[in-house]
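Below: the structure, in structure tokens.
Order of listing sets the numbers, starting from 1, for every ligand and every atom in it. Just so it is clear, the structure is predicted and the values come from calculations on it, not from any experiment.
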Amino acid sequence: MRMKKPIGIFDSGFGGLTVLREIEKTIPQYDFIYLGDNARAPYGNRSFEIIHKYSLEAVKWFFNMDCRLIIIACNTASAKALRTIQQNDLPFLAPDRRVLGIIRPITESVGTFSKSRHIGILGTVGTVSSNSYIIEIKKAFSDLTITQESCPLWVPLVETNEYVSEGADYFIKRHIDSILNQDPQIDTLILGCTHYPLLIDKIKRFCPPGVTLVSQGPIVAKSLESYLNRHPEIEKDCSKNSLREFYTSETAENFDRLARIFYNTETKSAHVDL
Ligand code: DGL
């Protein structure tokens, strides 16, 4: 059956699959279409202009696929491109459609996890340098002390499946030590990149026992469910046949070979030119 009006899930590469995996557990009845811009990933170290350009190309592609609602399941694109897309592009392109990011759901709930009121954000260079997490968290929880750490090699280690190697431990320990040395009172670390849930066991190993690690997937899933409940005018246009489709700007073979690590299920993707 061909999908009619799926919800679009976008990431620079595979990371958004960790979010889709959790969304599906919460609202499996909806149709989802996933796009990974693997040919141009990682986005983490790219400029604002380029991330906006690539993300907007993806959003337009989703519109052509008839998506009424798109989730940018990439922190880097949410941090650097989402606001411009929502405020400048959408009103001209498609005022009746919605593009949401994945930073806001985390920043609205993070204060409930921390007892010490000291938290840390782990993310890509792009996410950290945008200060998006700090700006958003301060709106909801002004009492929190926030420290950020960019981990530029973590995404490439995951995308190349090298994260299981012993060599990866060095880079994981280095950034965990660095953020906890900057603020030893941190009791909550946000995994502010959709690739990082794959590193969670290794990250845990280098954290003291009292530190809580917050993954985005389950929080984004709950937030999307609540959004759909609050917006029946959008919800009614999202088709519900539990269908999934996967697209990549890389070759389908390359996507399907690695996607399993992130999604736990075989994918049968198709190549698209963006
Ligand atoms: N997974 C994306 C994120 O959440 C970024 C990965 C990349 O650098 O492309 O930030």
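Within the listing of ligand 1, atoms 1 (N), 2 (C), 3 (C), 4 (O), 10 (O) sit less than 4.0 angstrom from a heavy atom of Cys193.
The salt bridge (Lys or Arg N to Asp or Glu O under 4.0 Å) test with Asp237 is passed by exactly one of Lys5, Arg68, Lys4: Arg68. Tested against Tyr263 for a ring-ring contact (aromatic ring centres under 6.0 Å, His included), the candidates Tyr34, Phe246, Phe14 yield a single pass: Phe246.
In this structure, atom 3 (C) of ligand 1 lies nearest to the protein heavy atom Asn75 N, 3.2 Å. Of all protein heavy atoms, the one lying nearest to atom 7 (C) of ligand 1 is Tyr43 N, 3.3 Å. At the shortest separation from atom 10 (O) of ligand 1 among protein heavy atoms lies Thr76 OG1, 2.8 Å. Of the protein's non-hydrogen atoms, the one nearest atom 8 (O) of ligand 1 is Gly44 N, 2.8 Å.
Atom 6 (C) of ligand 1 has its nearest heavy-atom neighbour, among Gly13, Gly192, Ser12, Ser78, in Ser12.
Salt-bridge annotation for Lys53 and Glu57: present, with a side-chain N of the basic residue lying under 4.0 Å from a carboxylate O of the acidic one.
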- Do Thr147 and Ile119 pass the side-chain contact (heavy atoms from CB on, under 4.5 Å) test, and can you show the C-alpha distance, the side-chain angles, and the key distance before you say yes or no? CA-CA 6 Å; Thr147 306; Ile119 68 161; over 6 Å; no

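Between the side chains of Tyr227 and Glu225, no donor-acceptor pair is found at a separation under 3.5 Å. A donor atom on one side chain and an acceptor atom on the other are found under 3.5 Å apart for Gln148 and Asn131. Side-chain contact, Ser226 with Arg230: a donor N or O sits under 3.5 Å from an acceptor N or O.
The part of Val155 lying near ligand 1 is the side chain, judged by heavy-atom distances below 4.0 Å. For Asp11, every heavy-atom contact with ligand 1 shorter than 4.0 Å involves the side chain, none the backbone.
Under the 4.0 angstrom criterion for non-hydrogen atoms, Cys74 is in contact with ligand 1.
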